[in-house]
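Since the structure comes first, as C-alpha cells, the remarks are kept for the end.
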Number of protein chains: 2
Amino acid sequence: MSTISKENYLKAIFIEEVERNSHVPVNILSAKLGISQAAVSDMSKKLANEDLLDYQKYKGLKTTQKGRNIALDIIRKHRLWEVFLTNTLGYNCDEVHDEAEMLEHSTSTKLINKIEEFLNFPILDPHGYPIPDKNGNFPNTREIINFSQVEVGKFYEVARVNDENKEVMNYLTKIGIVLGEKLFIENSLEFDKTLIVKIRGNSIAISSQISEIFSVSLVEGA
Amino acid sequence: MSTISKENYLKAIFIEEVERNSHVPVNILSAKLGISQAAVSDMSKKLANEDLLDYQKYKGLKTTQKGRNIALDIIRKHRLWEVFLTNTLGYNCDEVHDEAEMLEHSTSTKLINKIEEFLNFPILDPHGYPIPDKNGNFPNTREIINFSQVEVGKFYEVARVNDENKEVMNYLTKIGIVLGEKLFIENSLEFDKTLIVKIRGNSIAISSQISEIFSVSLVEGA
DNA sequence: AAATAAAATTAAGCAAACTTAAATTAATAA
DNA sequence: TTATTAATTTAAGTTTGCTTAATTTTATTT
C-alpha cells in the first residue's frame, strides 16, 4: 500500500538517483528526509518487498520501474501545484514548495489532470524544473548544467533553482539568481571554486556551496 | 497536536452536535466515521485532554470553543474546495466530496484564503451548505430573523427564502434576494415600512409584504 | 424493582513509522 | 594488512490510531 511516507521515500530516492546516476546511499537519503538511517534501512526493506525499490543490503537504494512510476506521479503533482499557486493564486516562487509538498499526496489523478488542463499544459514549474506528463515522460528540454560546472568567459541563463531551502531561495532572489536571468562568468577562484559573476551589471562572488543550488543553460554566441 | 484523524473526529462531532442540538453519542460517531466504539472512546479522552472536546464518561461528545474552531476551519476548507472543483474545474456536484475530503487536511490557512479570494468569496458550497468565513462565522449557527425585523444601518445576509410562491421567488431572484446574498439596510419608511436596501451596489425598495417572505442573519463587523 | 438489552469503557494487542543503542559490514588510512 | 572510521543493519522501544474481547454502566422492558 502506498502511504505519504512511502511516496516521500520514493520521490527522494528517484530525484537523488537521477542526480548521481547510481544507487543512493542510505545516509544520504536519511539526511535528505531528516530521518534516522535505521528508519531508512527498515523502510527500504518494505519498499523492496513491494517491488518498488531495488535494494540489497549495504548496496544503496534505487527505484524499480514500478517505484519510479509512483515517484514521477508525485513529482508531476508537486510541480503542477506549484504552477497553480504562482500563476493562478499569485504566490511567490519561494512560497510554493511547502504548500505543494502537502497537496501532492492528497491529489487524485483525475484532479491533477484537470489542473493541468486548467493551466494549459505547462511544461516547466516556477523554478524551471520540467513537469512529467500523464504517462511519466519528461518533455524535451535544453541541456542544463549545475552552476558549479560552468566555464569562465561564457554566458549562461538561470534555468533551475532548487526551492527546498527558503532562506537560500530568498538570498538567491536578492542577488539576482532568478529564473531566466542572464549572467557572465568572469572568473573562478582556484582556492575554493568561488565564482565571480557579472549579473545585472554588477560583479558578485558566488560560493561553491551556493553554486550547487541552481542550474543554468549555456547562452550561445552572446 | 492536530492530526488528520483528530480533524475528522472534530468535524464529525461538530456537524452532528449542531444537527441534534445536544451531545453526540459514541455509537453514532462510531457509525459515522466507520470506526469502532472503543476507538472513539479512546480518542475522545485524548481530545478532551487537549481541551478540544467536552467529554464525561457515558455522557456523549461535544466540541469546546477550541475544538469548534478546528472543526469550522476544516469545514471551511472542505466547502471552498468543493466550490473550486465545480466552478473552476468543471466537476459535477456529486464528484467533489471525496476529493475535498482529502484536500481539506492538506491546506494551509494562507492557501484557503487565496482560493476564497480567487473564487470571489462564495457563501455556499455546491450543495447549498454555507461556508464559514475566516473568523469561523457560520451562517447556520447565526440567529436568523425575518427581513421585516431588520434594523437600519446594519449588514445582513439572506438566509432563507420562502419558495412557496414561484412568482415571488422569481421576483426575489431578479432583484438579488438569493441565498447568501449580502445587503445593507439604508432606510425604513415610517409610512408603510418599506425598506430601502443596498444590494450589489444598487439601492432598491422592498415592500413590507415582500419583506415577510424571506429571512436574514446579521453580518457582524461588516 | 429485577432482568435484560444496549451503549460505553477498559484491556490487551497490532501495524506503521519512527527513535536510540548496539552490532555488523564496508571503506580508508597508517 | 591491519586498525580505525564510517556506513549500515539489527534490536528494542515508543507513539498513534486503530482492532477485538471482556467488563461495566446505563437504559429499557416486564
Side-chain angles (χ1 to χ4, degrees), chain A residues 1-14 16-17 19-63 66-67 70-71 74 101-102 104-106, chain B residues 1-14 16-17 19-20 22-63 67 70-71 74 101-102 104-106:
Chain A
M1 233 264 298
S2 202
T3 65
I4 293 178
S5 187
K6 287 178 180 176
E7 287 173 356
N8 281 332
Y9 274 90
L10 291 170
K11 185 179 62 160
I13 292 165
F14 173 73
E16 198 63 26
E17 90 192 18
E19 208 151 290
R20 56 176 62 218
N21 198 32
S22 76
H23 288 241
V24 182
V26 167
N27 63 336
I28 298 295
L29 191 65
S30 155
K32 273 242 163 195
L33 294 175
I35 273 170
S36 74
Q37 296 184 192
V40 171
S41 213
D42 230 47
M43 179 61 95
S44 295
K45 271 187 280 180
K46 290 181 200 167
L47 292 172
N49 263 5
E50 295 181 61
D51 192 29
L52 298 170
L53 272 195
D54 194 358
Y55 167 64
Q56 289 159 274
K57 280 189 198 175
Y58 300 102
K59 300 279 154 119
L61 319 168
K62 202 171 182 196
T63 54
K66 204 172 145 195
I70 294 176
I74 297 297
E101 200 78 6
M102 300 185 67
E104 64 187 11
H105 305 290
S106 313
Chain B
M1 231 265 297
S2 202
T3 65
I4 292 179
S5 187
K6 286 178 182 178
E7 287 173 356
N8 281 332
Y9 273 90
L10 290 171
K11 184 178 61 160
I13 292 165
F14 173 72
E16 197 63 25
E17 89 191 18
E19 207 152 290
R20 56 176 62 219
S22 75
H23 289 241
V24 182
V26 167
N27 63 335
I28 298 294
L29 192 66
S30 155
K32 275 241 162 192
L33 293 176
I35 274 170
S36 73
Q37 296 184 192
V40 171
S41 214
D42 231 47
M43 180 61 95
S44 295
K45 271 186 280 181
K46 289 181 199 169
L47 292 173
N49 263 4
E50 295 182 61
D51 192 29
L52 297 169
L53 273 196
D54 193 357
Y55 168 64
Q56 290 159 272
K57 280 190 196 176
Y58 302 101
K59 300 281 156 128
L61 320 167
K62 202 170 181 194
T63 54
I70 294 176
I74 297 299
E101 200 77 5
M102 302 183 67
E104 65 187 12
H105 305 290
S106 312

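We name chains A, B, ... by the order of the sequence lines, and we start the count at 1 in each one.
- The side chain to side chain contact (heavy atoms under 4.5 Å, CB included) test with Tyr9(A) is passed by exactly one of Leu52(A), Leu53(A), Leu61(A), Ile35(A): Ile35(A).
- The side chain of Lys57(B) has dT10(C) as its nearest neighbour among dT10(C), dA8(C), dA17(C).
- When distances are taken from the side chain of Asn27(A) to each of dT9(C), dA7(D), dT10(D), the shortest belongs to dA7(D).
- Residue contacts shown for Ser36(A) include a base, since a base heavy atom lies under 4.0 Å away.
- When distances run from any side-chain atom of Tyr9(B) to the nucleotides dC18(D), dT10(C), dA16(C), the shortest one goes to dC18(D).
- An OP1 or OP2 oxygen of dA16(C) is reached within less than 4.0 angstrom by no side-chain nitrogen or oxygen of Ser5(A).
- The shortest distance between side-chain heavy atoms of Glu104(B) and Asn8(B) falls below 4.5 Å.
- Within the 4.0 Å cut-off from OP1 or OP2 of dT8(D), not a single side-chain nitrogen or oxygen of Tyr55(A) is found.
- Neither side chain, His23(B) nor Asp54(B), offers a donor N or O lying under 3.5 Å from an acceptor on the other.
- Applying side-chain hydrogen bond (donor to acceptor under 3.5 Å, both in side chains) to Lys11(A) and the options Glu16(A), His105(A), Glu101(A) leaves one that passes, Glu101(A).
- Residue contacts for Lys59(A): at a heavy-atom cut-off of 4.0 Å it reaches no nucleic acid atom on any strand shown.
- Distance from the side chain of Met43(B) is smallest to dC18(D) among dA11(D), dC18(D), dA8(C).
- Relative to the side chain of Tyr58(A), the nucleotides dA16(C), dT9(D), dC18(D) differ in distance, and dT9(D) lies closest.
- To the nearest angstrom, P of dT10(C) lies 13 Å from NZ of Lys46(B).
- The interatomic distance linking Glu50(A) (CD) with dA16(C) (C1') rounds to 12 Å, in whole Å.
- Taking every side-chain heavy atom of Ile35(A) into account, dC18(C) is the closest of dA17(C), dC18(C), dC18(D).
- In this structure, of dA8(C), dG17(D), dC18(C), it is dG17(D) that holds the atom nearest to the side chain of Thr3(B).
- Following rounding to the nearest Å, Gln56(B) (CD) and dT24(D) (P) show an atom-to-atom distance of 22 Å.
- Closest to the side chain of Ser41(A), out of dC18(D), dA21(C), dT8(D), is dT8(D).
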